[in-house]
Amino acid sequence: MMAGMTNRFARTKAIIVLTGVVMVALGIAVLVNPIAAVETLVRIIGWVLVAYGVITIVSAVIKGDPVKNAPGALALGILAIGFGLFMGIAPRFLVSFVWTLIGIIVLATGVFDIVEAGTYRNEGSPLATPATVSGIITALLGVIVIFCPLISAGVGMLVAAVALLIDGVTEIIFGLGM
């Protein structure tokens, strides 16, 4: 019994160290080229959606469906293939589009914060100045994201890369310490 537990423990240690090494490698890859990393991620998700769509359609055609759900499955499969192809073929456009939408939301939030700060100012609240400054900073960041969506996505990926590196090193240290 004890020998079996020791063997399981050794495999767990190896898996933890291997996971840490993979996380560090991914973190380094993202640090080297964060924009390519986000595009690659979108492209992979797109091709997975295409595979899912094909499997869904084939399954719906082969199995049929006793509760008449096959048309819904076919529609879902076609939609997954279409969106997956778009993601797989034009990942840069999709990343830019999504980050531009995020920028518009951030800009609107900043503008609303500035308007709200005016209400604070009218009421004589000490929160007026910090709310105004916060709103201006938020609005400016929104403008930056709108005009530089790929750079903004790259910055987000850099944050993710740092998190991967830290977590990966921690996993390696933990695994080696077992």
Side-chain angles (χ1 to χ4, degrees), residues 5-53 55-56 76 79-114 116-117 127 130-178:
M5 290 183 73
T6 306
N7 191 18
R8 285 184 184 164
F9 189 73
R11 278 186 269 158
T12 302
K13 177 179 178 176
I15 289 172
I16 290 172
V17 171
L18 180 62
T19 300
V21 169
V22 169
M23 291 171 80
V24 167
L26 284 172
I28 291 170
V30 172
L31 279 175
V32 169
N33 195 344
I35 294 173
V38 76
E39 287 178 9
T40 300
L41 182 63
V42 170
R43 187 171 275 132
I44 289 169
I45 293 169
W47 294 121
V48 168
L49 272 175
V50 168
Y52 169 79
I55 291 168
T56 301
L76 180 64
L79 188 63
I81 290 172
F83 196 63
L85 284 172
F86 178 67
M87 291 174 73
I89 294 170
R92 184 173 285 240
F93 174 80
L94 186 64
V95 170
S96 294
F97 178 74
V98 169
W99 278 90
T100 300
L101 288 178
I102 291 170
I104 290 168
I105 292 167
V106 171
L107 173 62
T109 301
V111 170
F112 291 141
D113 288 348
I114 294 168
E116 186 177 34
L127 296 175
T132 302
V133 171
S134 172
I136 291 170
I137 291 170
T138 302
L140 288 175
L141 288 173
V143 169
I144 291 170
V145 172
I146 290 168
F147 288 106
C148 305
L150 287 175
I151 292 172
S152 301
V155 170
M157 289 301 286
L158 286 174
V159 171
V162 170
L164 278 169
L165 287 171
I166 291 169
D167 198 29
V169 169
T170 304
E171 289 288 313
I172 292 168
I173 292 169
F174 177 70
L176 294 175
M178 291 176 75

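The two residues Gly53 and Ala80 come nearest to each other via the heavy atoms CA-CB, 3.9 Å. Gly154 and Pro34 make their closest contact through O-CB, 3.5 Å (heavy atoms, listed as atom of the first residue, atom of the second, distance). Nearest heavy atom pair, residue Thr132 against residue Ala117, reads OG1-CB, 3.2 Å. Contact detail for Val30 and Ala37: the closest heavy-atom pair is CG2-CB, 3.8 Å. Heavy atoms only, all atoms of each residue included: Pro91 and Gly88 are closest at CD-O, 4.0 Å. Taking every heavy atom of both residues into account, Ala153 and Val95 meet most closely at CB-CG1, 3.7 Å.
A 4.5 Å side-chain heavy-atom check between Phe112 and Glu116 finds every atom pair outside the cut-off. No side-chain heavy atom of Val145 sits under 4.5 Å from any side-chain heavy atom of Val106. Put simply, the side chain of Ile35 reaches to within 4.5 Å of the side chain of Asn33, judged on heavy atoms. Looking at heavy atoms from C-beta onward, Glu39 lies out of side-chain contact with Val42 at the 4.5 angstrom threshold. Side chains of Ile146 and Trp99 form no contact here, defined as non-hydrogen atoms less than 4.5 Å apart.
In this structure, OG1 in Thr100 is found 11.0 Å from CD1 in Ile105, a value given to the nearest 0.5 Å. The distance from atom CG of Leu165 to atom OG1 of Thr170, rounded to the nearest 0.5 Å, is 10.5 Å. Distance check: Ile16 CD1 to Ile172 CD1 gives 11.5 Å after rounding to the nearest 0.5 Å. Annotation: the span from Ile45 atom CD1 to Leu49 atom CG amounts to 8.0 Å, rounded to 0.5 Å. Rounded to the nearest 0.5 Å, atoms CD1 (Ile137) and CG (Asp113) are 11.0 Å apart. Distance CZ/Phe174 to CG/Asp167: 12.0 Å, rounded to 0.5 Å.
Tested against Ile166, the residues Val162, Leu164, Val169 include a single side-chain contact (heavy atoms from CB on, under 4.5 Å) partner, Val162.
Within a 6.0 Å sphere centred on OH of Tyr52, heavy atoms belonging to other residues, nucleotides or ligands number 12 at most. More than 12 heavy atoms of other residues, nucleotides or ligands shown are found within 6.0 angstrom of CG on Leu101.
For the pair Ser134 (side chain) and Pro130 (backbone), a donor-acceptor distance under 3.5 Å is absent.
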For side chain to side chain contact (heavy atoms under 4.5 Å, CB included), just list the numbers for Leu85 and Trp47, CA-CA rounded to whole Å, side-chain angles, deciding distance to a tenth of an Å, and then say yes or no.
CA-CA 7 Å; Leu85 284 172; Trp47 294 121; 3.5 Å; yes
